[in-house]
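Worksheet: one structure, shown below.
Chain letters run A, B, ... following the sequence lines, proteins first, then strands; residues in each count from 1. Atoms considered below: every heavy atom in the structure, side chains included; atoms not considered: hydrogens, waters and symmetry mates.
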Amino acid sequence: VQTYASLLRVLIRNKSFAEAVKIRTLMVKSCQIEEDARFVLIVLREMNCGDIRFSIDLRCYNMLLMSLARFMMIDDMKSVYREMLKDNVSPNIYTFNTMINAFCKLGNVREAEVYLSMILQAGLKPDEHTFTSFILGHCRRKDVDSATKVFITMPQRGCQRNVVSYNNLMHGLCEAGRVDEAERLILQMKDDNCSPNVRSYTILIDALCGLGRRLEALSLFKEMKKEGCEPNVHTYTVLIDGTCKDGMLDEAK
RNA sequence: GCUACAACA
């Protein structure tokens, strides 16, 4: 990250702006830890107003917000959002969705709703990412019923549900102990132009194991492979974890 | 085209 920053300064001094944009993108995206994100934030801010002016465009603001979101730096996100308005850069649906998703991750649906109303004020249309984040947010607050409501209204509002919408709701249902409803959803997905992915199966397998329904978990595991869905580390972890807990070591292999 | 989801610890 530091290297990108130095390189960036050189490029700007040489007025190689096309190259600079590329490096800036790499810099913002390469943040591995919170400290990197903080550093990038400082660098971009000083470039945005410094004498060697290299202003932040919409795309860069969005990527910056995403990097901050990765480390749950919600306060910094709020300030960056305010700064972009001051800078006369109009947020687009990506910007709003990034903000909404961050709040929803924290279960702060109230604040997410503020940004939803801003989408409408801006004359934009909330999309499947927007609603899918709200499903997540409600589930994080253990309010599966509100999540279900959002899920139901999506098609009514012209949004196709996608795998993640399903996964989020299934996860919420599982955490509420409503695994049977989640199992119904994974079947329903197929009639809704969605195919379950590794995560869909892993969520269900995990829940079944947690309830001690290991045989069902194992048959789901077989089914996913039959469907051509490759299990990954997470799948094996929940499966091994769940089956070993009760001494079924042989199935675990 | 720059955005979202799962396990253990």
Next on the checklist: With side-chain contact (heavy atoms from CB on, under 4.5 Å) as the criterion, how do A:Lys190 and A:Ser195 come out once you've worked through the C-alpha distance, each side chain's angles and the decisive distance to 0.1 Å?
Outcome noted: CA-CA 6 Å; A:Lys190 295 163 187 165; A:Ser195 35; 5.7 Å; no
Checklist entry - A:Tyr166 and A:Phe151: ring-ring contact (aromatic ring centres under 6.0 Å, His included), yes or no, with the steps? => result CA-CA 8 Å; A:Tyr166 276 92; A:Phe151 183 82; 5.0 Å; yes
Next on the checklist: For a ring-ring contact (aromatic ring centres under 6.0 Å, His included) check, start with the C-alpha distance between A:Tyr61 and A:Tyr81, then their side-chain angles and the critical distance, and finish with the verdict.
Outcome noted: CA-CA 8 Å; A:Tyr61 267 118; A:Tyr81 181 83; 9.5 Å; no
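Rounded to whole Å, atom P of B:rC5 lies 17 Å from atom NE2 of A:His138. Between A:Asn197 atom CG and B:rA4 atom P there is a gap of 14 Å when expressed in whole angstrom units. Going from atom CE of A:Met63 over to atom C1' of B:rG1 covers 12 Å, rounded to whole Å. Between the C1' atom of B:rG1 and the CG atom of A:Asp57 lies a distance of 14 Å, rounded to the nearest Å. Straight-line distance from the CG atom of A:Leu106 to the C1' atom of B:rC5: 15 Å, rounded to whole Å. We find that CG of A:Asn108 is positioned 19 Å from P of B:rA4, with the value rounded to whole Å. At whole-Å resolution of the value, CE in A:Met154 and P in B:rA4 are 16 Å apart. Atom CD1 in A:Ile186 sits roughly 12 Å away from atom C1' in B:rA6 (whole-Å rounding).
Side-chain proximity of A:Asp241 to the nucleotides B:rA4, B:rC8, B:rC2 is greatest for B:rC8. Of the candidates B:rA4, B:rC2, B:rA7, B:rA7 carries the atom nearest the A:Val238 side chain, counting heavy atoms from C-beta on.
Counting heavy atoms from C-beta on, the side chains of A:Tyr94 and A:Met99 never come closer than 4.5 Å. Within the 4.5 Å cutoff, the side chain of A:Met63 has heavy atoms near those of the A:Thr25 side chain. The shortest distance between side-chain heavy atoms of A:Thr202 and A:Thr237 does not fall below 4.5 Å.
Taken residue by residue, residues 224-234 of chain A places heavy atoms nearer than 4.0 Å to RNA chain B at A:Asn232, A:His234. Across residues 122-129 of chain A, A:His129 each have a non-hydrogen atom less than 4.0 Å from an atom of RNA chain B (numbered order). Annotation: proximity of residues 79-101 of chain A to RNA chain B (heavy atom, distance under 4.0 Å) is found for A:Asn92, A:Tyr94, A:Asn97, A:Asn101, numbered in ascending order.
In this structure, the side chain of A:His171 does not engage the main chain of A:Asn167 through any donor-acceptor pair within 3.5 Å.
Between A:Tyr236 and A:Phe221, the distance separating the two ring centers is shorter than 6.0 angstrom.
When all heavy atoms of A:Gln160 and A:Met154 are compared, the closest pair comes out as O-CE, 3.9 Å. Scanning both residues, A:Asp36 and A:Ser30, for their nearest heavy atoms gives OD2-O, 4.4 Å.
A:Arg70 comes within 4.0 angstrom of no nucleic acid atom, judged by non-hydrogen atoms across all strands.
Under the 30°/60° scheme for interplanar angles, the aromatic rings of A:Phe54 and A:Phe17 are found to lie parallel.
Looking at A:Asn162 and A:Ser165, their side chains do bring a donor and an acceptor atom within 3.5 Å of each other.
With hydrogens and angles ignored, no donor-acceptor pair closer than 3.5 Å exists between the side chain of A:Asn168 and the base of B:rC5.
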